[in-house]
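Per chain, numbering begins at 1; letters A, B, ... match sequence-line order.
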Amino acid sequence: MRQVNPEFAPRAGLSRAEMESLQRRVAERAVFEDDLGFDPASVSLGTPKNATLSGGTDVPLVAGIDQSFLDDRALSAVVVLRGDEVVERVHAVTELDLPYIPGLLSFREGGPILDALAKLEHDPDLLVFDGSGRIHFRQAGLATHLGVICDVPSIGVAKSLLCGTPDEAVDGRPEGWHTPIRADGDVDSVGGHSATAETTLGYAFQSRQYDSRPIVNPLYVSPGHRVAAETAVHLVSNLSGGYKLPEPTRLADAYADEAKAQYED
DNA sequence: GCGACAG
DNA sequence: ATCTTGTCGC
């Protein structure tokens, strides 16, 4: 798929200040409102195998993206779904030039992910990333950064909270429960995007819970680009199928491990 | 100086 | 993220 805004692509050799500055420019360009180009209700698993809805529009293509690692190389995996059907899987192995630094994840994994996305024959209507979108110090997490570069609607699904504060305690909640993640002092207001105590950056969302002991932590869902926080949770809910992680992410995760085996000596 | 932090 | 055995439950 094509990079509509390549000027935001993470380049190697930037200073920390330059990376943070680029993130602010990304956040200014990001749209945290619905501009999907498709009906969110048409995104679901268990959609009939036919590729067309009653209205004549195509069922949206949803891509799940995840990484695995081999020494100092990243393996980025992308799985594209139409309903519950896998229509394409691609992966790329890329040298890493940065360590993991909280807040700068897109500079470590962004390049590898773009390499994988470039191999796609199908153009996804929605990108689902493993990590944060707007829930980020400069409101430009991985999902936002890559969503803006591709100018495709995107969502961030993280397994832990980078910053911000949940409205309510998140422990032991039932499936389907969700509560806003509000901006706090760690979050900067950027461009037209405020970061007051009322600003909803995303949601904690309980996708799965068991009747028994081990309490499952919620997911932290946030808008990447061209989607509202409320819609992002709705979409992730629609993409959930019996497991904690939404299906696109779960399949990309499994594919990243599967493909990794082919490169291990 | 202290705290706190996606993958 | 990654390193890893057993164990509990549907």
Answer yes when A/E168 and A/R173 have at least one side-chain N-carboxylate O distance shorter than 4.0 Å, and no when they do not. yes
For a quick check of understanding: with a heavy-atom distance under 4.0 Å over all strands, which category does A/F69 fall into, base, sugar-phosphate or nothing? sugar-phosphate
Given 3.5 Å as the limit, does a donor-acceptor pair link the side chain of A/H91 with the main chain of A/A116, or not? no
Exactly one of A/R82, A/E121, A/K119 clears side chain to side chain contact (heavy atoms under 4.5 Å, CB included) with A/E88, and that residue is A/E121
Applying the salt bridge (charged side-chain N to carboxylate O under 4.0 Å, His left out) criterion to A/D188, which one of A/R24, A/R134, A/R138 satisfies it? A/R24
Pair A/R25 + A/E28, salt bridge at N-O below 4.0 Å: no
Which part of the nucleic acid does A/L104 contact within heavy-atom distance under 4.0 Å: base, sugar-phosphate only, or nothing? base
Please state whether the phosphate of C/dA1, meaning OP1 or OP2, lies under 4.0 angstrom from any side-chain nitrogen or oxygen of A/K260. no
Does the A/H225 side chain pair with the main chain of A/P153, one donor and one acceptor, at a distance under 3.5 Å? no
Writing each nucleotide of DNA chain C 5' to 3' as (, ), [, ], | or . by Watson-Crick or G-U pairing under 3.5 Å yields ..........
Separation of C/dT2 atom P from A/L96 atom CG, nearest Å, is 12 Å
When rounded to whole Å, the CG to P distance for the pair A/D130 and C/dT2 reads 10 Å
Rounding to a whole Å, what distance do you find between A/R208:CZ and C/dC10:P? 11 Å
Contact class for A/S160 vs. all strands (heavy atom < 4.0 Å): base, sugar-phosphate, or nothing? sugar-phosphate
Can you list the residues that meet the side chain to side chain donor-acceptor pair (under 3.5 Å) rule with A/N217, with sequence neighbours excluded? none
Would a hydrophobic clustering, with Ile, Leu, Val, Met, Phe, Trp and Tyr connected at side-chain separations under 4.5 Å, put A/L36 with A/V128? yes
My understanding is that only one of A/Q67, A/R108, A/R73 makes a side chain to side chain contact (heavy atoms under 4.5 Å, CB included) with A/L96; could you say which? A/R108
For the student: nearest non-hydrogen atoms of A/V90 and A/Y255, plus distance: O-CE2, 3.3 Å
For A/D257 and C/dT4, give me the distance from atom CG to atom P, rounded to whole Å. 14 Å
For a quick check of understanding: with a heavy-atom distance under 4.0 Å over all strands, which category does A/I135 fall into, base, sugar-phosphate or nothing? nothing
Secondary structure of DNA chain B in dot-bracket form (Watson-Crick or G-U wobble, distances below 3.5 Å, | marking inter-strand pairs): .......
Going 5' to 3' along DNA chain B, between which two nucleotides do contacts with chain A fall, using a heavy-atom cut-off of 4.0 Å? B/dC5 to B/dG7
Do the side chain of A/Q3 and the main chain of A/N5 share a donor and acceptor less than 3.5 angstrom apart? no
side-chain contact (heavy atoms from CB on, under 4.5 Å) with A/A63: which residues, sequence neighbours excluded? A/V78, A/V80, A/P124, A/L127
Between A/R226 and A/D151, does any side-chain N to carboxylate O distance fall below 4.0 Å? yes
Which of residues 12-30 of chain A sit near DNA chain B, with a heavy atom under 4.0 Å from it? none
Would you indicate what A/Y220 reaches in the nucleic acid, counting non-hydrogen atoms under 4.0 angstrom: base, sugar-phosphate, or nothing? nothing
Side chains of A/L146 and A/S154 in contact at under 4.5 Å (non-hydrogen atoms): no
